[in-house]
J.: 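Below is a structure I'd like to ask you about.
Proteins get letters first, then strands, A, B, ... in listed order; numbering begins at 1 in each.
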2 protein chains.
Amino acid sequence: MPEGPHRPRRGATTIEEVARAAGVSRQTVSNALNAPRRVRPETLDRVNAAIRELGYQPDQSARSLRSGARRTLGYLAPVDDPLDPNPLMAGFLEALVDAAGAAGQRVLLFRPGQGAADPVAAIDELVAARQVDGLVLADVLHEDVRIAHAARLGVPFASFGRTGPGEPQRWVDIGNEAAMAEVVRHLAALGHRRIGYLGAAEELPWMAARRAGFLAEARRLGLSAVAVGASGAGSSGTAAAGSVVASVRALLRGPDRPTAFAAGSDLLALDVYEAVRAEGLVVGPGGVAVTGFHDTPLCRHLHPALTSVRLPLRAIATALVGRLLDQVRGETAAGEGLELPTELVVRGSSGRPG
Amino acid sequence: MPEGPHRPRRGATTIEEVARAAGVSRQTVSNALNAPRRVRPETLDRVNAAIRELGYQPDQSARSLRSGARRTLGYLAPVDDPLDPNPLMAGFLEALVDAAGAAGQRVLLFRPGQGAADPVAAIDELVAARQVDGLVLADVLHEDVRIAHAARLGVPFASFGRTGPGEPQRWVDIGNEAAMAEVVRHLAALGHRRIGYLGAAEELPWMAARRAGFLAEARRLGLSAVAVGASGAGSSGTAAAGSVVASVRALLRGPDRPTAFAAGSDLLALDVYEAVRAEGLVVGPGGVAVTGFHDTPLCRHLHPALTSVRLPLRAIATALVGRLLDQVRGETAAGEGLELPTELVVRGSSGRPG
DNA sequence: TTGTAAGCGTTATCAG
DNA sequence: CTGATAACGCTTACAA
């Protein structure tokens, strides 16, 4: 609701006051801030001193109104429930805020209004209110309505997660296939010949890619590979954790028991731990090797500690911000995706087969 | 006419265009938006139709400049590493954005610049640039430099986490003691008489409170209680997970073996699982009961599923936003803290003693 | 290099 | 209830 009364001015030092204190005009202060090279060094010093002394910062609203630059990037938070938060909300967001800050931008969080879960309307609102210079989208699907809509609006954007061939290629992503291929090679190097994969929510492109990467590399190396895992559950696989465990247990009881399992997430790896133990086997050297994905803090609390794939969150965030600002500045929108490498963090859970 | 500014104007429907389309003046449109009661109904309809048709939204920068209201709340993200993200970043942030949105506010994320980890400077910048109407602080310590500084600046703020008696009491918090007391009563009701507590990073007030709440209720009920857990580690206890497990194992081997363990976080509960199993015991009914704290998705992936304390994230966020906006509107800053109850989610990990 | 003038889009004031 | 006028604080032309 719009408040009626006039708002009290906080300390609110204005450019005028700085100018007076430095004995120059408003515009000289503005120049000192926005084009320092145009101001004589000694004047610049004087102005900067006054700025520091008064603790002056330009009013961002006034600046935005005049210049058109909002110095703010919008992050469309994935639609999900606080009780089952998106893994990206932790970790990636920190990296994004840091990367944006380093580029002089702030990050504005937004989501579709609670209940009405229409991301398109949320984008429309934010853009129409001219609150951001660009948009960061995450958990992007191959044909994503958010991508299509942002492109239609003509607002600069970049996505964490690749888009299909028909969509604009303004994405940054990790190499999900490559990451799982590295996992497979790691396991193969340890001597494992029969390996299993545990996935979930495989309608999500990144989960499908991990599975595909696993199977492709296993085939290439001539390993015996089998993949299990249900579709349909949420991205963190809340639904049928129990049945997933059952699938792994069945494999472990089968004739050609895998000696190693790669999982599509750290939580799924935990399911593998449970299945392995339930079958009276052990995880790690001398037992069943297990790997996860995401390198969450969970990995370090498991025994043995979980080998996992670490995402280059800082590099992803920096690349997203960079591409976004290229578009904002009107430089040629590269129009190409960027795939960044992951890092395999080897811990006790992956060792030689027993 | 002035030349087009540096920046290309996006669709940018202005109030002027709406006024022309509706056949009224700018101010009538403004009134229709900000004080609809002052506009004749039939005129209002016409204006609203034009607004809808043109997809008009007021330019937030212009509006802010004029009115002083930023319609934005700043969230000072806890200082930590993306690789070891703060648990609040997931879950709480979703709830906060929703609550803010319901009150017509957006959420601006900010952190101290990477490297320079001074939250005070970050607050100064944001406030000086007049980018927000108020601040949300989290993971607040009893004597917190952020609280003191925000109070000194006179900027409206509210904190998730209570402040000490010398500080302004503009906090919302969960009842950490009460939550652990409920856990203790739950375990006692199941028949447990010897119970253990596993904590970590107990220099953090909320962790200390959980421990204290545990011990107090155990004493009140005449139970035999013992607490273990190191200080000094990060909030997620990355440091010495191994030694924590060792402490629990030692207790399990001791003469008066606890039949139940409450942990200060879900990850610590996982450590208890490991310790229990390492001692050849089982978790859950017939074995050692275990409870966690936070109700993260991890709980549902453990076997047996972990009993845990769920935080009322939506209520917390709503209360924080409400108190913040009270201050923004200049209404009497309540000056009192608000403690919200948690919810014990009972699952398979807590059962009758073996 | 610096100062002058104008206006970004909106809302508050005060006439009609 | 509506319409003209004046700011909010800043940055971009342009003149000195």
Side-chain angles (χ1 to χ4, degrees), chain A residues 1-20 22-47 51 54 56-71 127-131 133, chain B residues 1-20 22-47 50-51 54 56-71 128-131 133:
Chain A
M1 290 294 101
E3 294 76 43
H6 218 136
R7 200 156 298 281
R9 296 184 32 170
R10 285 199 263 293
T13 308
T14 87
I15 199 173
E16 188 76 53
E17 298 172 309
V18 175
R20 227 171 322 162
V24 297
S25 73
R26 290 201 296 267
Q27 290 58 31
T28 303
V29 179
S30 178
N31 285 337
L33 244 36
N34 301 306
R37 314 182 324 173
R38 290 189 178 177
V39 178
R40 198 195 319 155
E42 72 175 36
T43 311
L44 189 60
D45 286 346
R46 204 147 35 94
V47 171
I51 287 176
L54 296 174
Y56 169 73
Q57 285 261 127
D59 181 310
Q60 187 53 47
S61 296
R63 194 174 228 189
S64 292
L65 178 58
R66 184 60 176 111
S67 71
R70 264 60 190 168
R71 292 169 181 264
V127 170
R130 280 145 287 179
Q131 291 195 109
D133 291 329
Chain B
M1 280 312 289
E3 278 64 48
H6 193 54
R7 199 160 299 281
R9 296 184 32 170
R10 285 199 262 293
T13 308
T14 87
I15 200 173
E16 187 77 54
E17 297 173 310
V18 174
R20 227 171 323 163
V24 297
S25 73
R26 287 204 296 268
Q27 290 60 28
T28 303
V29 179
S30 177
N31 285 337
L33 242 36
N34 302 306
R37 313 181 325 175
R38 292 189 178 179
V39 179
R40 200 197 315 159
E42 72 176 36
T43 310
L44 189 59
D45 287 347
R46 204 146 35 93
V47 172
I51 286 175
L54 296 174
Y56 169 74
Q57 286 260 127
D59 181 310
Q60 187 52 47
S61 297
R63 192 173 231 190
S64 294
L65 178 58
R66 183 60 181 121
S67 71
R70 265 58 191 170
R71 293 168 181 265
R130 280 144 288 179
Q131 290 195 108
D133 291 329

J.: Could you measure the distance from the CD atom of Gln60(A) to the OG atom of Ser64(A)? Nearest 0.5 Å is fine.
T.: 4.0 Å
J.: Can you tell me the distance, in whole Å, between the CG atom of Asn34(B) and the C1' atom of dC1(D)?
T.: 16 Å
J.: Output a table of nitrogen or oxygen pairs between the protein and nucleotides 4-6 of chain D separated by less than 3.5 Å.
T.:
{"from": "dT5(D)", "atom 1": "O4", "to": "Gln27(B)", "atom 2": "NE2", "distance (Å)": "3.0"}

J.: Return the value, rounded to whole Å, for the distance between atom CD of Gln131(B) and atom P of dC10(D).
T.: 13 Å
J.: Return the nearest nucleotide to the side chain of Val24(B); candidates are dG3(D), dT11(D), dT10(C).
T.: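 Of all the options, the side chain of Val24(B) is nearest to dG3(D).
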J.: Any side-chain N or O of Arg63(A) less than 4.0 Å from the OP1 or OP2 oxygen of dT11(D)?
T.: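 Looking at the OP1 and OP2 atoms of dT11(D), one of them is under 4.0 Å from a side-chain N or O of Arg63(A).
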J.: Nearest 0.5 Å please: distance from the CG atom of Leu33(B) over to the CD atom of Gln57(B).
T.: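 Output value for this atom pair is 8.5 Å.
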J.: Once rounded to the nearest 0.5 Å, what's the spacing between atom CZ of Arg26(B) and atom CZ of Arg20(B)?
T.: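 Reported value, rounded in 0.5 Å steps: 10.5 Å.
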J.: Nearest nucleotide by nearest heavy atom, which residue falls closer to the 5' end of DNA chain D, Leu65(B) or Arg38(B)?
T.: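 Final value for this comparison: Arg38(B).
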J.: Could you tell me whether the phosphate oxygens of dT12(D), OP1 or OP2, come under 4.0 Å of any side-chain nitrogen or oxygen in Ser30(A)?
T.: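 It does not, given that no N or O in the side chain of Ser30(A) lies less than 4.0 Å from OP1 or OP2 of dT12(D).
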J.: So, is Tyr56(B) close to the dG9(C) phosphate, meaning a side-chain N or O under 4.0 Å from OP1 or OP2?
T.: no
J.: Atom CG of Leu33(A) to atom P of dT11(D): distance rounded to whole Å?
T.: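 One finds 7 Å between P of dT11(D) and CG of Leu33(A), rounded.
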J.: OG/Ser30(A) to CZ/Arg38(A) distance, rounded to the nearest 0.5 angstrom?
T.: 10.5 Å
J.: Taking atom P of dC8(D) as reference, at what distance in whole Å does atom CG of Asp59(B) sit?
T.: 18 Å
J.: Answer with base, sugar-phosphate or nothing: what part of the nucleic acid does Ser64(B) contact at a heavy-atom distance below 4.0 Å?
T.: nothing
J.: Output the rounded distance in Å from CZ (Arg20(B)) to P (dG9(C)).
T.: 12 Å
J.: Hey, which sits more toward the 5' end of DNA chain C by its nearest nucleotide, Thr28(A) or Asn31(B)?
T.: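 Nearest-nucleotide comparison on DNA chain C picks Thr28(A).
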J.: To the nearest 10°, let me know how far the axis at one end of the helix from dG3(C)-dC14(D) to dG16(C)-dC1(D) is tilted from the axis at the other, five pairs an end.
T.: 30°
J.: Would you give the length of the straight line joining atom CD1 of Ile51(A) to atom CD1 of Ile15(A), rounded to the nearest 0.5 angstrom?
T.: 8.0 Å
J.: Counting only side-chain nitrogens and oxygens, does Ser61(A) get under 4.0 Å of the OP1 or OP2 atom of dC10(D)?
T.: no
J.: Roughly, in whole Å, what's the span from CZ in Arg70(B) to C1' in dG9(C)?
T.: 14 Å
J.: Could you give me the CA-CA distance, side-chain angles and deciding distance for Val29(A) and Val24(A), then say whether side-chain contact (heavy atoms from CB on, under 4.5 Å) is met?
T.: CA-CA 7 Å; Val29(A) 179; Val24(A) 297; 3.9 Å; yes
J.: Identify whether any heavy atom of Arg37(A) sits under 4.0 Å from a base atom; if not, whether one sits that close to sugar-phosphate; answer base, sugar-phosphate or nothing.
T.: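 Result for Arg37(A) = nothing.
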J.: Can a donor-acceptor pair be found, under 3.5 Å and without considering hydrogens, that links the side chain of Arg70(A) to the backbone of Gln131(A)?
T.: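 Between the backbone of Gln131(A) and the side chain of Arg70(A) there is no qualifying donor-acceptor contact (under 3.5 Å).
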J.: Going through the checks in order, is the side chain to side chain donor-acceptor pair (under 3.5 Å) test met by Ser61(A) and Arg130(B)?
T.: CA-CA 8 Å; Ser61(A) 296; Arg130(B) 280 144 288 179; over 6 Å; no
J.: What distance do Arg66(B) atom CZ and Leu65(A) atom CG have between them, rounded to the nearest 0.5 Å?
T.: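 Going from the CZ atom of Arg66(B) to the CG atom of Leu65(A) covers 12.0 Å.
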J.: Show your reasoning for whether side-chain contact (heavy atoms from CB on, under 4.5 Å) applies to Val39(A) and Val47(A).
T.: CA-CA 10 Å; Val39(A) 178; Val47(A) 171; 5.5 Å; no
J.: Nearest whole Å is fine: how far is dT1(C) P from Arg46(A) CZ?
T.: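 Spelled out: CZ on Arg46(A) to P on dT1(C) is 15 Å.
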